[in-house]
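Notes follow once the structure below has been shown.
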Amino acid sequence: YLAKIGALEGFLYWNVRGNYLYIHDGNMAVDFQHMIVQISRYIASTALIWILAAARFIYFWKARKTIRTERTCYEGLIWVWFFLSFIPVSLGKRFEDHYFLFLTPALCVLAALAIDQWSTLQWRRWRKAVLIGIALPTLGFTLTRYDVHALNRRFDGEDMGSYHPYATYLRERTQPGDTLFLWGCAPSVYLLADRAPSSRFLRTDVLAGRVAGFSPPTDGSFNPEDF
């Protein structure tokens with residue numbers, strides 16, 4: 001059907017080849033310092049659930065022959081889910097913050113299983129450590145929001161402060177009920193200008209052709225100049 005309506009090449013490009021090129025481009029331009037910072041930041045901010053999941057793995061591995069077969073199977077599937085999640089996180093070797101969302105659900109389930117097996121005595125012994133492990137990342141990320149621009153500069157992130165002149169210009173020349181459409185990727189301007197976007201597409205990099213590893217389809221279905 002896709003071939004009949006002339007959409008097959010575009011379908012294959014955006015679902016297969018485009019993803020391959022994006023991953024390939026990341027592999028060819030590996031920034032090890034960025035990689036270490038991203039991984040370390042995630043592990044540090046989720047240290048509690050990593051520790052609990054590691055404790056659960058040790059318990060699960062030692063008791064795998066004595067736990068009920070059905071429960072072992074279910075938990076084994078969770079561990080498979082967890083380890084397979086490393087694949088999408090590491091593809092392209094970019095390790096952006098949102099990539100780690102693949103790992104977090106399984107990690108949380110495993111951490112919960114670790115706490116669930118504790119006795120009342122163990123909970124009383126470790127509850128302060130657990131509460132501290134929850135409080136520290138929460139306070140840390142909350143407090144850093146007060147000077148997020150300095151934090152972004154420190155870790156080579158995007159400095160949203162540079163968008164203030166553009167946001168001020170747009171705010172002074174539009175009405176509160178007006179909407180904006182930004183070409184490219186600068187969603188911070190919507191927030192700083194206090195204006196709603198006129199489209200649900202907050203990022204239009206793909207329309208501008210500014211995508212890592214981008215190579216437009218040859219069937220003429222995409223041409224940045226058309227936009």
Side-chain angles (χ1 to χ4, degrees), residues 14-16 18-20 22-24 26-27 30-146 148 151-152 155-158 187 200 202-203 212:
W14 293 112
N15 289 277
V16 181
N19 289 327
Y20 168 77
Y22 186 74
I23 293 169
H24 181 267
N27 289 333
V30 178
D31 184 342
F32 287 103
Q33 182 178 355
H34 174 78
M35 186 188 308
I36 293 171
V37 169
Q38 292 294 96
I39 295 174
S40 300
R41 187 165 59 178
Y42 175 72
I43 293 177
S45 63
T46 55
L48 174 63
I49 55 178
W50 279 100
I51 293 171
L52 291 171
R56 181 63 190 182
F57 180 78
I58 294 172
Y59 170 81
F60 173 75
W61 187 256
K62 289 182 177 179
R64 67 188 186 280
K65 294 181 179 180
T66 59
I67 304 175
R68 296 195 311 271
T69 303
E70 183 179 348
R71 181 168 181 176
T72 304
C73 180
Y74 288 151
E75 186 168 344
L77 289 174
I78 297 174
W79 282 108
V80 171
W81 172 25
F82 171 69
F83 287 116
L84 288 179
S85 297
F86 281 93
I87 296 175
V89 171
S90 59
L91 285 176
K93 299 182 178 65
R94 288 182 172 85
F95 294 97
E96 301 295 349
D97 294 338
H98 56 282
Y99 288 17
F100 293 102
L101 292 176
F102 286 104
L103 278 174
T104 307
L107 197 59
C108 289
V109 172
L110 294 169
L113 289 173
I115 292 181
D116 183 61
Q117 76 181 20
W118 285 358
S119 64
T120 303
L121 179 62
Q122 286 176 308
W123 171 246
R124 289 175 179 173
R125 178 183 300 172
W126 294 105
R127 63 183 177 184
K128 288 185 179 179
V130 171
L131 293 175
I132 291 173
I134 295 172
L136 285 180
T138 303
L139 290 173
F141 282 105
T142 301
L143 293 175
T144 53
R145 296 296 92 187
Y146 287 99
V148 67
L151 186 69
N152 285 335
F155 291 102
D156 296 323
E158 184 178 37
R200 63 189 177 94
L202 301 183
R203 297 184 58 172

Could you please spell out the steps behind the side-chain contact (heavy atoms from CB on, under 4.5 Å) verdict for Ile78 and Phe60? CA-CA 12 Å; Ile78 297 174; Phe60 173 75; over 6 Å; no
Partners meeting side-chain contact (heavy atoms from CB on, under 4.5 Å) with [X] (sequence neighbours left out):
| X | answer |
| --- | --- |
| Ile87 | Leu84, Leu91 |
| Phe86 | Trp50, Phe82, Phe83, Leu103 |
| Ala111 | Ile49, Leu52 |

Return the CZ to OH distance between Arg94 and Tyr22, rounded to the nearest 0.5 Å.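 One finds 4.0 Å between CZ of Arg94 and OH of Tyr22.
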Partner residues of Phe100 under the ring pair (Phe, Tyr, Trp, His ring centres under 6.0 Å) criterion, sequence neighbours left out: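 Phe100 satisfies ring pair (Phe, Tyr, Trp, His ring centres under 6.0 Å) with Tyr42 once adjacent residues are dropped.
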To check you understand the geometry: which heavy-atom pair defines the closest contact between Pro88 and Tyr99, and what is its length?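 Heavy atoms only, the tightest pair is O-CD2, 4.5 Å.
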Pair listing, side-chain hydrogen bond (donor to acceptor under 3.5 Å, both in side chains) test, anchored in residues 127-136, at least two apart: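 Residue pairs passing side-chain hydrogen bond (donor to acceptor under 3.5 Å, both in side chains), neighbours aside: none found.
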Restricting to pairs with a member in residues 79-90, which pass side-chain hydrogen bond (donor to acceptor under 3.5 Å, both in side chains), not counting sequence neighbours?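 Found Glu75-Trp79.
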side-chain contact (heavy atoms from CB on, under 4.5 Å) assessment of Arg56 paired with Gln117: CA-CA 9 Å; Arg56 181 63 190 182; Gln117 76 181 20; 2.4 Å; yes
Let me have the donor-acceptor pairs involving side chains of residues 131-140, under 3.5 Å, with sequence neighbours excluded, atom names and distances please.
from: Thr138; atom 1: OG1; to: Ile134; atom 2: O; distance (Å): 2.8

Is there a donor-acceptor contact under 3.5 Å from the side chain of Gln38 to the main chain of Met35?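 Absent.
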Is it the case that more than 12 heavy atoms not belonging to Trp126 sit under 6.0 Å from its CH2 atom?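 Counting neighbours around CH2 of Trp126, 12 or fewer heavy atoms of other residues, nucleotides or ligands fall under 6.0 Å, so no.
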Contacts of type side-chain hydrogen bond (donor to acceptor under 3.5 Å, both in side chains), residue Asn19, not counting sequence neighbours: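 None.
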Is there side-chain contact between Tyr59 and Leu113, with heavy atoms separated by less than 4.5 Å?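 The answer is no; the side chains never approach within 4.5 Å.
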Can you see whether Phe95 has Arg41 sitting over its ring - NZ or CZ less than 6.0 Å from the centre and within 45° of the normal?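 Geometry flag: not set, cation outside 6.0 Å or 45°.
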Any residue meeting salt bridge (charged side-chain N to carboxylate O under 4.0 Å, His left out) with Arg125, in chain and number order, not counting sequence neighbours: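 Salt bridge (charged side-chain N to carboxylate O under 4.0 Å, His left out) check on Arg125 returns nothing, list empty.
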